[in-house]
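To start, the structure under review is shown below, and the notes come after it.
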Number of protein chains: 2
Amino acid sequence: MSTRKVVVREDVARYANVSPAVVSYVLNKGPKRVRPETEARVLEAIRVLGYRPNAAARALKLQSQEIFGLVLSTGGNALFVELANAIEDAANALGFAVINTNSRESAAREREHLRNLVNRRVDGIMLASVEAQPDISEVARAGVPVLLLDNGGSIESVPSVGADLEAGAYDAVRHLIDHGHERIGMISGPPTDLSDGREAGWSRALAESGLPEGPLVPATPKRFGGYKAAKRLLASGDGLTALFTSCDAQGVGALRAVHEAGLRIPDDIAIVSFDGSTEAEFTWPGLSTMRQPVEQMAEDAVAELLALRDGGRAPTHRTYPTTLQARGSCGCVDKDPLS
Amino acid sequence: MSTRKVVVREDVARYANVSPAVVSYVLNKGPKRVRPETEARVLEAIRVLGYRPNAAARALKLQSQEIFGLVLSTGGNALFVELANAIEDAANALGFAVINTNSRESAAREREHLRNLVNRRVDGIMLASVEAQPDISEVARAGVPVLLLDNGGSIESVPSVGADLEAGAYDAVRHLIDHGHERIGMISGPPTDLSDGREAGWSRALAESGLPEGPLVPATPKRFGGYKAAKRLLASGDGLTALFTSCDAQGVGALRAVHEAGLRIPDDIAIVSFDGSTEAEFTWPGLSTMRQPVEQMAEDAVAELLALRDGGRAPTHRTYPTTLQARGSCGCVDKDPLS
DNA sequence: TTGAAAGCGCTAACAA
DNA sequence: TTGTTAGCGCTTTCAA
């Protein structure tokens with residue numbers, strides 16, 4: 001039964017009594033026009049025979065797989081999950097598929113994935129790198145467009161799409177200050193991430209209000225990272241009353257740590273995090289967070305990659321404002337989840 | 001600069017002073033042996049020229065893209081995220097890439113994704129369907145192997161990989177009974193999911209202990225679904241003291257609903273859910289859950305698909321036991337998160 | 001051990 | 001409007 005021959009374009013042509021070229025013209029709506037009757041015959045043949053054009057052949061001819069590669073640094077991160085979903089949708093809408101890969105914090109794995117995707121001649125790669133200054137020279141040499149995700153334009157010549165980290169962090173910390181907090185700690189990204197604007201924003205908000213810089217603890221952008229960091233912060237007995245975390249995953253971990261310590265949120269410790277993922281909506285209390293416009297970022301990323309592939313247009317760095325999603329963890333009213 | 005010609009096999013052959021065939025022999029380690037000196041020359045040429053074999057050409061020739069397709073029904077589900085990650089790893093280990101797609105509860109979208117993947121001639125499709133009885137006739141007709149994920153072998157002729165839902169649910173509910181609960185409600189999957197063993201397991205555990213069937217509320221397998229369902233359950237004032245939810249996402253939603261109602265967990269309402277995703281580890285209190293062996297399932301799924309493609313071996317239905325991950329939400333000791 | 005060459009199935013330039 | 005055909009870059013059979 002597996003010997004049943006697969007239908008190819010020529011079978012359709014024969015059945016419809018036309019040349020193979022005409023089948024292509026119909027399928028691709030060009031580049032030549034086809035008489036309506038002929039087209040109908042071809043379509044009928046395609047239907048009857050159950051013909052499906054072979055994507056590999058098409059890819060070989062067109063030098064385009066109509067596939068994007070996505071390389072994410074971290075597995076359990078809710079924002080990345082949502083970003084990945086949004087990217088899939090945006091790509092699918094344009095007829096592109098997305099190959100997902102996950103580096104799980106390993107630079108070696110990241111390189112491996114990049115190599116693989118380049119070999120597959122994907123039409124573009126979106127990279128949320130493990131490193132602050134990812135080495136994409138090989139990818140660039142192969143002529144595959146790359147776009148950096150969630151990275152403040154760390155490489156001039158490489159386009160990027162990311163939230164305005166500095167401004168977002170500033171707004172988050174200001175909000176905590178407005179709630180009356182004076183001793184605000186921060187759980188930041190991994191130490192490699194030197195250029196992270198979130199630290200700068202936190203720091204600026206504090207300085208502007210004449211407040212001392214609270215303790216700063218770097219951690220992996222995962223629930224467990226936030227959990228451990230918060231535990232350490234709480235144990236240090238620093239008189240901390242509020243915490244800003246660099247992502248929702250860390251925020252969730254911090255929430256847990258505070259609960260475990262028997263402290264009340266937001267009364268004893270208030271928390272604001274960064275990302276605006278759905279996960280933050282269902283914690284207890286709801287996790288206040290700076291929402292990144294994920295869908296917009298995904299759409300723009302896909303469009304940018306396409307533009308880069310087609311015309312040699314200059315790479316752009318896009319920065320998106322975040323908006324405060326105030327919930328219970330900062331001391332605002334905890335509205336019910338809506339989604 | 002984008003006119004720089006891409007290096008193809010023939011360039012390598014010319015540089016190494018061999019025929020293109022030899023380059024292939026070296027690259028594929030066969031089917032012919034190559035003299036070591038020649039091989040060294042070829043390898044050197046590949047290195048110098050930065051040659052990368054074109055995957056599309058290879059796919060066309062071999063009739064294999066070395067890509068699997070993954071079609072997931074729901075976006076925000078933590079288990080699916082972990083399953084997807086595990087599948088990527090298992091596939092990558094074999095040199096395969098994975099194209100991820102998400103149906104977001106829509107059967108139409110699911111069909112669309114299946115069509116696309118078939119057109120791309122992927123080597124196999126893993127499907128967590130929106131429907132209880134997915135229509136995969138088209139995919140089967142095209143000769144693309146399919147495997148059902150998280151679905152109790154609903155179609156005889158299609159291989160599947162999934163947890164033992166009935167036994168898992170039974171164990172979960174028994175555990176609640178052992179904690180002394182007598183009125184145990186359930187939040188189940190969507191109503192389409194008639195064959196779901198979790199309901200049966202819940203029901204059997206109750207019956208065996210001579211307990212009445214508590215209320216049963218169907219919901220989407222998402223946080224919001226669990227949230228709404230739990231709210232309804234709580235509002236019904238049914239004397240409920242415990243809740244079993246069909247997935248962690250629902251469990252997280254239920255947790256939130258109970259907190260909002262001002263009830264204590266586990267004292268007023270105890271909860272056990274199903275999946276064992278990392279998300280359940282960081283809630284407050286920790287969400288007790290039946291852990292599915294995701295990595296094992298992923299590995300087996302990939303292996304099965306490969307076996308199906310290569311030899312015409314009979315499809316197998318694999319069922320995996322779940323293990324209770326006891327935490328605070330059921331009334332057990334809430335150990336600290338470890339991961 | 002190496003090489004020549006026949007396709008894999010498709011797109012699109014060119015011819016009719 | 002339709003047909004003919006030359007590749008796209010690779011694998012592998014068959015011949016040397």
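Chain A is the first sequence line, chain B the second, and so forth, proteins listed ahead of strands; every chain is numbered from 1. Note that the coordinates shown come from a computational prediction; the quantities given were computed from them, not determined experimentally.
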Nearest-Å distance, [atom1] ([X]) to [atom2] ([N])?
X: B/E10; N: C/dA5; atom1: CD; atom2: C1'; value: 13 Å
X: A/R41; N: D/dT1; atom1: CZ; atom2: C1'; value: 12 Å
X: B/L27; N: D/dT12; atom1: CG; atom2: C1'; value: 14 Å
X: B/E66; N: C/dC8; atom1: CD; atom2: P; value: 20 Å
X: B/N119; N: C/dG9; atom1: CG; atom2: C1'; value: 14 Å
X: A/N17; N: D/dT2; atom1: CG; atom2: C1'; value: 12 Å
X: B/E37; N: C/dT2; atom1: CD; atom2: P; value: 8 Å
X: A/D11; N: C/dG9; atom1: CG; atom2: C1'; value: 11 Å

Item to check | Sidechain N-carboxylate O distance under 4.0 Å for B/R111, B/E138 | outcome: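 Salt bridge: no.
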
Checklist entry - Hey, does B/R58 reach any base, or is it just sugar-phosphate, or nothing, if we go heavy atoms under 4.0 Å? => result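 Result for B/R58 = sugar-phosphate.
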
Next on the checklist: Under 4.0 Å, counting only non-hydrogen atoms across every strand here, what does B/R33 touch: a base, just sugar-phosphate, or nothing?
Outcome noted: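 Counting heavy atoms under 4.0 Å across all strands, the contact made by B/R33 includes a base.
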
Next on the checklist: Which residues pass the ring pair (Phe, Tyr, Trp, His ring centres under 6.0 Å) test with A/Y51, not counting sequence neighbours?
Outcome noted: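 For A/Y51 there are no ring pair (Phe, Tyr, Trp, His ring centres under 6.0 Å) partners, ignoring immediate neighbours.
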
Which residue pairs pass the salt bridge (charged side-chain N to carboxylate O under 4.0 Å, His left out) test with at least one member in [range], sequence neighbours excluded?
range: residues 14-25 of chain B; value: B/E10-B/R14, B/D11-B/R14
range: residues 293-306 of chain A; value: A/R291-A/E295, A/E304-A/R313, A/E304-A/R318
range: residues 68-95 of chain A; value: A/D89-B/R104

Item to check | Whichever of B/S19 and A/Y51 has its nearest DNA chain C nucleotide further upstream toward 5' | outcome: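 Nearest nucleotide further toward 5': that of B/S19.
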
Next on the checklist: Please tell me if B/T38 has a side-chain N or O lying less than 4.0 Å from either OP1 or OP2 of C/dT2.
Outcome noted: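 For B/T38, the contact criterion (side-chain N or O under 4.0 Å from OP1 or OP2 of C/dT2) is met.
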
Tabulate atom names and distances for all N/O pairs under 3.5 angstrom spanning the protein and nucleotides 5-8 of chain D.
| unit_1 | atom_1 | unit_2 | atom_2 | d |
| --- | --- | --- | --- | --- |
| D/dG7 | N2 | A/K61 | NZ | 2.9 |
| D/dG7 | N3 | A/K61 | NZ | 3.1 |
| D/dC8 | O3' | A/Q63 | NE2 | 2.9 |

Checklist entry - At what distance, to the nearest 0.5 angstrom, does OG1 of A/T74 lie from CD of A/E105? => result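 Answer for the OG1-CD pair, A/T74 versus A/E105, is 3.5 Å.
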
Checklist entry - Say you draw a straight line from CD of B/Q63 to CG of B/L60; how long is it, rounded to the nearest 0.5 Å? => result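 Reported value, rounded in 0.5 Å steps: 6.5 Å.
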
Next on the checklist: Could you report the tightest heavy-atom contact between B/L72 and B/L149, atom names first, then the distance?
Outcome noted: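 The answer is CD1-CD2, 4.4 Å.
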
Dump every N/O contact between nucleotides 14-16 of chain C and the protein below 3.5 Å, one line per pair.
| unit_1 | atom_1 | unit_2 | atom_2 | d |
| --- | --- | --- | --- | --- |
| C/dC14 | N4 | A/K32 | NZ | 2.3 |

Checklist entry - Where the side chain of A/N100 meets the backbone of A/N102, is there a donor-acceptor pair that is under 3.5 Å apart? => result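 Not at all, since once roles are kept as given, no pair shorter than 3.5 Å links the two residues.
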
